[in-house]
Amino acid sequence: MLIPCLACESRFRPDEYFSACSDYHRGMDLVSWTCPRCGNRDDLRVLPGELGFGYPHGGRFDVHHRVRVPGLRRHRGDLRLDISLDRASWRVPTRIRQPALH
């Protein structure tokens, strides 16, 4: 199974793809991903069996494009998202955001 970058169309094995996830935004249920080849940054939603790509709109995330990843599973933790596929798993931590100083 190879998962594509929607910007440059490079394809990645799941370990390379999910290792490039850097931040989980629990409130919006989004994962930040940066393509190891072209540097494009995408927000995506990990769903059972697929990845959902789209844009934040009106306080929520609208999925416009889906990429099937058979067997993909997820588990939301308090400060992380655990992703698993077959026997492999990845943990995407929530980056603690500092309050703005006035």
Shared hydrophobic cluster, Phe18 / Phe53 (ILVMFWY, side-chain heavy atoms < 4.5 Å): yes
Same cluster (ILVMFWY, side-chain, under 4.5 Å), Leu6 and Val46: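 Same cluster: Leu6 reaches Val46 through Ile, Leu, Val, Met, Phe, Trp or Tyr contacts under 4.5 Å.
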Cationic N near anionic O, under 4.0 Å, Arg80 to Asp78: no
Ionic contact status for Asp29 with Arg74, cut-off 4.0 Å: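 A salt bridge is present here (some side-chain N lies under 4.0 Å from a carboxylate O).
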Do the non-hydrogen side-chain atoms of [X] and [Y] ever get within less than 4.5 Å of each other?
X: Asp82; Y: Ser89; result: no
X: Arg91; Y: Tyr24; result: no
X: Ser32; Y: His25; result: no
X: Leu72; Y: Ile83; result: yes
X: Trp90; Y: Ser19; result: yes

Using side chain to side chain contact (heavy atoms under 4.5 Å, CB included) as the criterion, list what pairs up with [X], not counting sequence neighbours.
X: Asp86; answer: none
X: Arg73; answer: Ser84
X: Ser10; answer: Cys8, Phe12, Arg37

Exercise: identify the closest heavy-atom pair between Val31 and Val92: CG1-CG1, 4.2 Å
Heavy-atom closest pair, residues Gly71 and Leu85: C-CD1, 3.5 Å
Shared-cluster residues of Met28, by chain and number - hydrophobic side chains joined below 4.5 Å: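 Joined to Met28, directly or through intermediates: Leu30, Phe61, Val63.
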Leu2: hydrophobic cluster co-members (side-chain, 4.5 Å): none
Any residue meeting ring-ring contact (aromatic ring centres under 6.0 Å, His included) with His57, in chain and number order, not counting sequence neighbours: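 Testing His57 for ring-ring contact (aromatic ring centres under 6.0 Å, His included), a comparison that skips the adjacent residues, returns none.
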Distance, nearest 0.5 Å, that separates CG of Leu81 from CZ of Arg45: 11.0 Å
Distance (rounded to the nearest 0.5 Å) between Arg66 CZ and Leu44 CG: 12.5 Å
Expected output: side-chain [X] to main-chain [Y] donor-acceptor under 3.5 Å:
X: Trp33; Y: Tyr17; answer: yes
X: Arg68; Y: Leu51; answer: no
X: Arg11; Y: Ile3; answer: no

More than 12 heavy atoms from other groups under 6.0 Å of CZ on Arg41: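 Buried by this count: over 12 neighbours within 6.0 Å.
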